[in-house]
Amino acid sequence: MAIRYETNGDTLIIHLDNKFDFDSVEEFRDTYKGTTPKAVTVNFANTSYMDSSGLGMLLNMHRTLGDATTITLANCQPAVKRILAISRFENFFSVT
C-alpha cells in the first residue's frame, strides 16, 4: 500500500490507496504520529476496500489526535461509505 500525505497550513491530508486494511497500519500511523494538526482530511477517492482494521485505525487516529482536531473522511466510495454508516462513524467524523 502506498499512503501519501501532505500538509496545507494546519491541515494534514492523507491520500489512501485501493485497500485500507491491516497491511496499512504502520504506514497510516506514521502519517500523523507526532503531529498536532487542527484538521485532518483522509482522502478515500481511490479506496474501494476497507476492513475492520481500517475502522480501528481511524478510531486510533481520533483518540491520538483528540477532540481539538477535526477529522474529515472525504471522497468515500459507496462500499466504504456503507461500512462507515453501518459503524456509525458519522458520530466521530465528518463523512463525505
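Residue numbers run from 1 in the order of the sequence given.
Side-chain contact between Met50 and Leu16: absent, with no pair of heavy atoms (C-beta onward) separated by less than 4.5 Å. Side-chain contact between Leu58 and Phe93 is present, with at least one heavy-atom pair separated by less than 4.5 Å. At least one side-chain heavy atom of His62 sits less than 4.5 Å from a side-chain heavy atom of Ile71. Ile83 places none of its side-chain heavy atoms less than 4.5 Å from the side chain of Phe89. Side-chain contact between Thr69 and Thr36 is absent, with no heavy atoms from C-beta onward closer than 4.5 Å. Thr11 places none of its side-chain heavy atoms less than 4.5 Å from the side chain of Thr70. Residues Phe28 and Met61 form a side-chain contact, since some pair of their non-hydrogen atoms from C-beta on lies under 4.5 Å apart. At a threshold of 4.5 Å between non-hydrogen side-chain atoms, the residues Val95 and Cys76 count as touching.
Atom CG of Asp21 sits about 6.5 Å away from atom CE of Met57, to the nearest 0.5 Å. Atom NE2 of His15 is separated from atom OG1 of Thr41 by 9.0 Å, given to the nearest 0.5 angstrom. Distance check, rounded to the nearest 0.5 Å: CG of Leu59 to OG1 of Thr64 gives 10.5 Å. Taken from OG1 in Thr31 to CD1 in Ile13, the straight-line distance is 12.0 Å, to the nearest 0.5 Å. Annotation: the span from Ile3 atom CD1 to Glu26 atom CD amounts to 11.0 Å, rounded to 0.5 Å. Here CG of Leu73 is found 8.0 Å from OG1 of Thr96. Values are rounded to the nearest 0.5 Å.
Closest heavy-atom contact between Ser87 and Leu55: OG-CD1, 3.5 Å. What you find for Ser48 and Ala79 is that their closest heavy atoms are O-CB, 4.0 Å.
By the 6.0 Å contact criterion, OH on Tyr5 is open, its count of non-hydrogen atoms from other residues, nucleotides or ligands being 12 or less. Residue Asp67 qualifies as open at atom CG: its count of foreign heavy atoms under 6.0 Å is 12 or below.
Tracing side-chain contacts under 4.5 Å through hydrophobic residues (I, L, V, M, F, W, Y), one never reaches Tyr49 starting from Ile14; they form parts of separate clusters.
For the pair Gln77 (side chain) and Ala45 (backbone), a donor-acceptor distance under 3.5 Å is present.
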query: After noting the C-alpha distance and the side-chain angles of Tyr32 and Val40, does the key distance pass the side chain to side chain contact (heavy atoms under 4.5 Å, CB included) rule?
result: CA-CA 9 Å; Tyr32 65 85; Val40 174; 5.7 Å; no
message: Using side chain to side chain contact (heavy atoms under 4.5 Å, CB included), reason through Asn46 and Asn75 one step at a time and then give a plain yes or no.
response: CA-CA 8 Å; Asn46 297 316; Asn75 305 310; over 6 Å; no
